[in-house]
Asker: 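Following this message is one structure expressed as structure tokens.
Numbering of ligands and ligand atoms starts at 1, following listing order. Worth saying up front: this structure is predicted, and the values here are computed from it rather than measured.
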Amino acid sequence: MKIQSVRGMNDIYQPEITLWHEIEESIRQTCRAYGYSEIRTPIVENTDLFKRGVGEDTDVVEKEMYTFSDRNGDSLTLRPEGTAGVVRAVNEHGLLNENPMLKLYYIGQMYRHERPQKGRYRQFYQFGLELIGSDHPLSDVEVMALQQNLLKKAGIADMIKLHISSVGCSDCRPQYKEKLIKILEAKKDQLPEDVQKRMYTNPQRIFDHKDEKVQKIAADLPVLLDSLCEKCSGHHEAVQRGLKVLKIDFVVDPKIVRGLDYYTQTAFEFVTDKLGAQATVCGGGRYNKLFAKLDGVDTPAVGFGVGIERFALLMEQVKKPEPPAFDFAFVYPDEKGLLPCIQLCETLRQQGFRCEIDYQGRSMKSQMKRADRLKARYAVILGGNEIEKGVAVVKDMTAQTQQEYDIKNLVETLKTKVGAK
Ligand code: HAM
């Protein structure tokens with residue numbers, strides 16, 4: 001059997017990789033501006049981290065994890081998300097002792113065994129960030145503002161809408177949950193098996209059920225947003241005020257259901273109608289109880305994760321990915337030109353100019369064709385004849401004009417043509 005990539009796991013290369021680099025560069029720049037530093041945690045963690053952190057009743061833990069025993073018989077899992085690993089690392093290294101308000105970001109692969117389709121994969125990349133140590137509503141606003149900024153820079157802010165909600169806390173959520181369970185119990189015979197199964201552990205999941213009949217039932221159910229305690233509703237109001245001050249458009253969407261169990265109070269999603277079924281480009285919220293749950297000191301935190309594939313798919317709709325153009329393509333009409341060409345090429349590359357040279361020993365015509373395909377700004381032609389005359393021919397590939405230049409000052413001449421690097 002021919003060996004192929006694993007289903008739902010993709011190779012990323014030109015031209016898309018150019019967009020990915022742009023996105024990653026923009027992420028790093030933006031995170032720097034907001035004071036976030038990078039953290040890299042392992043892709044593999046102990047399975048218990050996710051069972052305890054993400055929650056055993058979630059789809060992610062119940063059905064989607066890549067879990068295996070290693071040679072010692074330890075149960076390990078390919079990370080399905082980044083937050084649990086970051087919290088573990090912060091606890092393990094006592095990072096909050098040095099900095100009680102810690103701002104961390106990460107970019108990396110995550111793994112979920114979902115049914116692959118456009119925008120949904122089994123290996124996907126996430127950019128995520130965590131603001132740890134503050135329960136101030138404006139810290140929720142800050143993380144949303146950062147994400148909004150990224151979307152603006154990428155030129156895709158118009159395609160995306162911010163939805164916010166609150167999932168309450170351990171004071172108000174249990175009461176609401178009880179109320180919801182009672183109502184669902186009364187409608188039990190109208191509910192499909194999966195909803196019945198989840199009814200007692202995670203009844204709110206009914207709000208993101210795909211079945212239309214279930215959706216109809218869900219439409220009439222009370223929402224948690226109407227049963228928030230004073231503290232949570234105050235927090236929710238303050239978040240909205242902050243977003244308005246920063247002129248970030250949003251809608252309050254009481255039906256947001258986050259697929260991970262650790263959320264408290266603010267939950268939010270940046271949603272698009274341009275990606276078919278995979279509408280959520282970014283999801284996040286506050287998780288004030290996760291640190292304690294993972295053996296740390298009780299610490300409030302807020303953060304989000306963005307699917308980079310989804311971000312790139314949206315960017316492709318406004319911008320064609322183009323590999324960076326070359327400054328110079330060196331062309332040698334005969335073997336005598338090859339070594340001088342390589343020398344010049346190397347000198348210019350060391351100074352940051354993007355240069356290419358053909359090693360396939362092809363005709364001058366083929367080399368020129370390649371220079372054209374690579375969108376080189378100039379072709380530098382140097383063979384036996386030119387060396388004898390002490391010149392090189394420089395062809396402007398846009399204007400289609402060419403001129404001879406003294407070989408002695410060629411590097412300086414070429415540099416002035418494309419400007420400093
Ligand atoms: P999440 O909502 O599970 O949150 O994932 C965040 C984003 O990752 C999604 O909005 C989506 O863009 C992308 N994503 C998720 N699954 C897939 C998939 N199978 N294929 C492609 N993209 C996908 C989290 O993971 C939380 N850790 C976010 C967070 C950080 N909350 C607080 N801090």
Asker: N or O contacts of ligand 1 with protein under 3.5 Å, please list pair by pair.
Answerer:
residue  : atom   : partner : partner atom : Å
ligand 1 : 2 (O)  : Arg258  : NH1          : 3.0
ligand 1 : 2 (O)  : Arg258  : NH2          : 2.8
ligand 1 : 3 (O)  : Arg112  : NH1          : 3.0
ligand 1 : 3 (O)  : Arg112  : NH2          : 2.9
ligand 1 : 4 (O)  : Arg258  : NH2          : 3.1
ligand 1 : 5 (O)  : Gln126  : NE2          : 3.2
ligand 1 : 8 (O)  : Gln126  : NE2          : 3.2
ligand 1 : 10 (O) : Thr280  : O            : 3.3
ligand 1 : 12 (O) : Thr280  : O            : 3.1
ligand 1 : 12 (O) : Val281  : O            : 2.9
ligand 1 : 12 (O) : Gly307  : N            : 3.0
ligand 1 : 16 (N) : Arg112  : NH1          : 3.4
ligand 1 : 19 (N) : Glu114  : OE2          : 2.6
ligand 1 : 19 (N) : Tyr121  : O            : 2.8
ligand 1 : 20 (N) : Tyr121  : N            : 3.0
ligand 1 : 25 (O) : Arg112  : NH2          : 3.2
ligand 1 : 25 (O) : Gln126  : NE2          : 3.0
ligand 1 : 27 (N) : Glu81   : OE1          : 2.7
ligand 1 : 27 (N) : Thr83   : OG1          : 2.9
ligand 1 : 27 (N) : Tyr262  : OH           : 2.9
ligand 1 : 31 (N) : Tyr263  : OH           : 2.6
ligand 1 : 33 (N) : Thr83   : OG1          : 3.2
ligand 1 : 33 (N) : Glu130  : OE1          : 2.8
ligand 1 : 33 (N) : Glu130  : OE2          : 3.3
ligand 1 : 33 (N) : Phe304  : N            : 3.3

Asker: Going through the distances and angles, do Thr67 and Leu76 end up as a side chain to side chain contact (heavy atoms under 4.5 Å, CB included)?
Answerer: CA-CA 6 Å; Thr67 295; Leu76 303 179; over 6 Å; no
Asker: A quick test of your reading: do over 12 heavy atoms of other residues, nucleotides or ligands sit less than 6.0 Å from NZ of Lys118?
Answerer: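 Count over threshold, so yes.
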Asker: Looking at the rings of His163 and Phe268, which for Trp means the six-membered one, are their centres under 6.0 Å apart?
Answerer: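 Judged by ring-centre distance (under 6.0 Å), His163 and Phe268 do not meet the cut-off.
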Asker: Minimum heavy-atom separation for Asn91 to Leu294, with atom names?
Answerer: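 Result for this residue pair: ND2-O, 3.1 Å.
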Asker: For the pair Lys103 and Glu130, find out whether any cationic side-chain nitrogen is under 4.0 Å from an anionic carboxylate oxygen.
Answerer: no
Asker: What residues, two or more places apart in sequence or in another chain, satisfy ring pair (Phe, Tyr, Trp, His ring centres under 6.0 Å) together with Tyr262?
Answerer: Tyr287
